[in-house]
Each structure stands twice: as structure tokens, then as C-alpha cells.
Amino acid sequence: MDFDVTQDWHVASPYDFLRRLRHERPVFRSEHLGAYVLTRYADVRAAYGDARRFSSKGSLTISRSLTEETRARLGEHGSFLSSFVANVDPPDHTRLRRSVSRAFTPRAVAALERRFRELNEDVLDRVAGRGRADFVEEIAHEPSVKLTAAFIGVPAADEEFVQQRVKEWFQLFLSPQPPGRQLELADGFLTYLDYVDRLVVARAKDPQDDFTSLMTSLIGEELSHREVVELISTILLGGNDTVPNQLGNSVLRLLREGQWPVPPERVANAVEECMRIDGAALGSFRFATTDVELHGVTIPAGELVLLSTDSAAHDETVFPDPERFVIDRPNADAHMVFGYGIHFCVGAALGRLQLRTALDVLGARLPGLRLAEGASVAYRRSIVGRGLPSLMVEW
């Protein structure tokens, strides 16, 4: 048996498979992924903390399924994210992270929380009277998309364009596509990069009060033009996709567990337990820089390695009874959905803030929220992401 992204269980319910791997083959060679897979919590955490042997360089641009024609179409941009903070090793990583962290001061984060609360209230003002909605399409995405756009400096008129391009990025790089579709997605991706590039050029000429202007001001001193383009492109990916996916996963879990609405004092821990049990990110890729001996298996130098944070979050040696949702689990936040060590996600504080705020507002405004009668639940097919394309709810 192997991972198989063409099968629903790969994302929806891989836990029996992952448990067997943890117990019997903790270092597993996946033919389907073309990678070795680390499944035990201790091994995943140790690999995250060992940038010398498990390199991040180029790790985000993994797509073994791209055809030669698609690679040719992408050209130099096939190595997109080559300078993104999560995709490099020190010393570049140290310099990039220092620059990005300037935007996440406590004062800035507090202002973002107020704005995000307003955005959630705005959406609910529009849909609350209907009594029914697609939670993913009509509630979960818009506040995160708008907050991220405002933070970055994307004009409101361009939000839909960016959201569509982001969806195409995930399809191109993180899910298998037929050759013709790959070329369409590649063209959309190049359009996206061109858009961000033009935004950076515009802010260099006319700075505003936004993240793009802050990063653009560092070009030539701390950052290159390309590094700024890739930073902005990637934060847009998280805000337009990963955070809303996690919110959808979390609401589905809470409804199924009969834990809705979440009492305000439990929201923070509920967010962590939802991320642990239904993480929107399933893991990170690394390259072995040298032969690595682990549990009697040698991972040869140059091989791709998947650090399965999804498996680690269900490791019974760290999380007792891991398939059970425990809303006040004392160590729920020990999951590694945001990574670990030097590559801990730069947007983690903002992501957590968004999830807490959304559950707080939704619980207060829609206390009777429930799954719609006969609603079907199916996850998107992806290598390293878990998200729902649709979730019909009523109240």
C-alpha cells in the first residue's frame, strides 16, 4: 500500500495507514510521491530542526507530475519560490525572516484583528437572514481574502483575480493535472507573477501603508526585487487558501463533534485541537543533503523527504487517543501545522488570530449552525493540503 493522491482516503482519512507506518515502517519510501516519508512525531520535529541534513532549498517547488512542455512554459519561473523564506536555508533564511517579521508587530496584529472581526460581521450581515449557505464559498473565504489583500496592498478590485490565480497555483504545483490543463494553469501562474511584480514596482514609486511598501523599501538593502515578489506571492497563497481551508475543516469538525458553538474561553484551544486533528497542511518536503540513517533505513543524499506533520499530529506517544477530538486537550498546540524551528510559519500569529476571531464571531452570530440535510463532504485532492471545496450548512 502507498499514498495515492488520486484516492479520497489520501486526504480524508489516512490515519490507519499512517499508524501502520509509524509502528512498522517509520521511514517509508513512497513510490507514488517519489519521496521518503517520516511519520513519527520525534523524527518529524528533529528533521525540521536539522537544516544541515534536511535542506529546505527548493522544497516548495516540488511537482513531479509537470510535463516537459509545462516546465518549458514556466521557464525560470519553474523555480518560483526559490528565494521564499520557507524555501531557503540560513543565512538567506535568517535575513529574509528578519525582514518579514517587521510587519508582524503586536500593534499591527491587534489592528488586523479588529479589521478581521468587521469583515466576518459584514459577511454574516449579508447571509444570516437566508438560513442556509455554502460555508466554504460564501462565508469562510471572503474575510481572509479581504484581510490578506488589505495587508499586502492589493486593491479591492483585484481580489477576485488574485484568489483565482491562487487556486490555479495550488492545482498546478500540488495536485496532478492532465498535460493540457497544466499549460492553462501555467499561463495563469505567469499572469499572477506579473501582477505581483507590477504591484511591487508601483509601490516603489508610490509607497502606501501596506506590507508591499514596507518590503519594497528594503530592496537593495536587505532584499532583492525577486525576493519581495516571492514573499508577497506566497503570503497571498496562505491568506487566500490555507487559512480559509483550516476554518472550513474546523467548523466541520466542531459540528460533527456536537461542540458548536464553542464557548469563548475555549476557542483558543479548540483552534489548536482542530488544527491537530484536521490540519490544512499535511507536511513539508525537504531534501537530504547527506546519507541519513534512521530506524535502520538509509535515506540517500539528494532524495526528497516528506515530513508528515499530519501523521505526527496523530502520534499516540505524544497525543493520547489521537483520533478523539478533545476540545481542552492540554498539549493540542504541540502540532506542527505551522512547521517547527527556524521554518515556523511567519504568518502563524496572523493565521491563529483569524481562526480564533472567525470562530468567536460565527459562534455568537450563528449559534444554531448545523450541517445541511443530506450535505455531502469531500476533500480536494492534494499532495500536502486538506480543504473542502464546499460545505452546505443551515441555521
* Residues R381 and D8 bridged, charged N to O under 4.0 Å -> yes
* Any donor and acceptor pair, going by atom type alone, linking the side chain of E303 with main-chain N or O of A288 inside 3.5 Å? -> no
* Determine yes or no for a side-chain-to-main-chain donor-acceptor pair under 3.5 angstrom, with E227 supplying the side chain and S224 the backbone. => yes
* Asked: How far does OG1 of T216 sit from CG of D206, to the nearest 0.5 angstrom?
  -> 11.5 Å
* **N/O donor-acceptor pair under 3.5 Å between D2 side chain and H32 backbone** => yes
* Asked: Does CD in E373 sit with more than 12 non-hydrogen atoms of other residues, nucleotides or ligands closer than 6.0 Å?
  -> no
* To do: Evaluate side chain to side chain contact (heavy atoms under 4.5 Å, CB included) for L304 paired with F287, printing each intermediate quantity in order.
  => CA-CA 5 Å; L304 191 61; F287 284 105; 3.6 Å; yes
* Over 12 non-hydrogen atoms of neighbours within 6.0 angstrom of CD in E69 -> no
* **Among D241, T242, N249, side-chain hydrogen bond (donor to acceptor under 3.5 Å, both in side chains) partner for N245** => D241
* Cluster overlap F319 with V326, hydrophobic side-chain contacts below 4.5 Å -> no
* **Worked verdict on W169 versus L236 for side chain to side chain contact (heavy atoms under 4.5 Å, CB included)** => CA-CA 11 Å; W169 185 92; L236 285 170; over 6 Å; no
* **Sidechain-backbone polar pair: H314 side chain, I277 backbone, donor-acceptor under 3.5 Å** => yes
* Inspect the contact between D278 and R256 and indicate whether a charged nitrogen and a carboxylate oxygen are less than 4.0 angstrom apart. => no
* Please name all residues satisfying side chain to side chain donor-acceptor pair (under 3.5 Å) with S376, sequence neighbours left out, ordered by chain then number. => none
* So I152 and L199, side chain to side chain contact (heavy atoms under 4.5 Å, CB included) or not? Walk me through it. -> CA-CA 10 Å; I152 293 293; L199 183 65; 4.2 Å; yes
* R115 CZ to T357 OG1 distance, which is reported to the nearest 0.5 Å -> 13.0 Å
* Taking atom CG of D321 as the centre, does the number of heavy atoms from other residues, nucleotides or ligands within less than 6.0 Å exceed 12? -> yes
* Identify whether the distance between the nearest side-chain nitrogen and carboxylate oxygen of R198 and D194 falls below 4.0 Å. => yes
* Asked: With sequence neighbours left out, what residues match Q259 under side chain to side chain donor-acceptor pair (under 3.5 Å)?
  -> none
* **D360/R117 ion pair, N-O < 4.0 Å** => yes
* To do: Using modelled atom types only, decide if a donor and an acceptor are shared between the side chain of N269 and the backbone of P330 within a distance under 3.5 Å.
  => no
* To do: For residues M392 and A375, report the shortest heavy-atom separation together with the two atoms involved.
  => O-CB, 3.8 Å
* To do: Kindly work out whether a path of hydrophobic side-chain contacts (I/L/V/M/F/W/Y, heavy atoms less than 4.5 Å apart) joins L190 to L183.
  => no
* Cluster overlap F211 with V162, hydrophobic side-chain contacts below 4.5 Å -> yes
* Where do P367 and W260 come nearest, in terms of heavy atoms and distance? -> O-CD1, 3.5 Å
* To do: Give a yes or no answer on whether the side chain of S217 reaches the backbone of L214 with a donor-acceptor pair at less than 3.5 Å.
  => yes
* Hey, is the main chain of R365 close enough, under 3.5 Å, to the side chain of W395 for a donor-acceptor pair? -> no
* Heavy-atom donor-acceptor pair, N120 side chain to F116 backbone, under 3.5 Å -> yes
* Between F3 and F28, what is the ring plane arrangement, given parallel below 30°, perpendicular above 60°, and tilted in between? -> tilted
* Can you get from L359 to L388 by hopping between Ile, Leu, Val, Met, Phe, Trp and Tyr side chains that sit under 4.5 Å apart? -> yes
* Verify the cluster assignment for F161 and L185: are they in a single hydrophobic cluster under the rule of side-chain heavy atoms below 4.5 Å apart? => yes
* Tell me, please, which residues at least two apart from D134 pass salt bridge (charged side-chain N to carboxylate O under 4.0 Å, His left out). => none
* To do: Could you check M1 against F17 for side chain to side chain contact (heavy atoms under 4.5 Å, CB included), going step by step and ending with a plain yes or no?
  => CA-CA 8 Å; M1 195 173 176; F17 174 55; 4.0 Å; yes
* To do: Quick one: list whatever passes salt bridge (charged side-chain N to carboxylate O under 4.0 Å, His left out) with R40, sequence neighbours left out.
  => none
* Gap separating the CD atom of E159 from the CD atom of E142, nearest 0.5 angstrom -> 8.0 Å
* When rounded to the nearest 0.5 angstrom, what distance separates CG in D158 from OH in Y195? -> 3.5 Å
* If you measure from OH on Y41 to CD on E316, what distance do you get to the nearest 0.5 Å? -> 14.0 Å
* Asked: Do Y48 and S284 have side-chain atoms, one donor and one acceptor, less than 3.5 Å apart?
  -> yes
* **Pair R356 + E113, salt bridge at N-O below 4.0 Å** => no
* To do: Look only at the side chain of T148 and the backbone of S144, and say whether a donor-acceptor pair between them is shorter than 3.5 Å.
  => yes
* Asked: Does D122 come within less than 4.0 Å of K146, counting only side-chain N to carboxylate O?
  -> no
* Residues in salt bridge (charged side-chain N to carboxylate O under 4.0 Å, His left out) with R203, at least two apart? -> D210
* To do: Would you please name every residue forming a side chain to side chain donor-acceptor pair (under 3.5 Å) with E293, sequence neighbours left out?
  => T298
* Asked: So, the side chain of R329 versus the backbone of R324: is there a donor-acceptor pair under 3.5 Å, distance only?
  -> yes
* Give a yes-or-no answer on whether the side chains of R22 and S311 include a donor-acceptor pair shorter than 3.5 Å. => yes
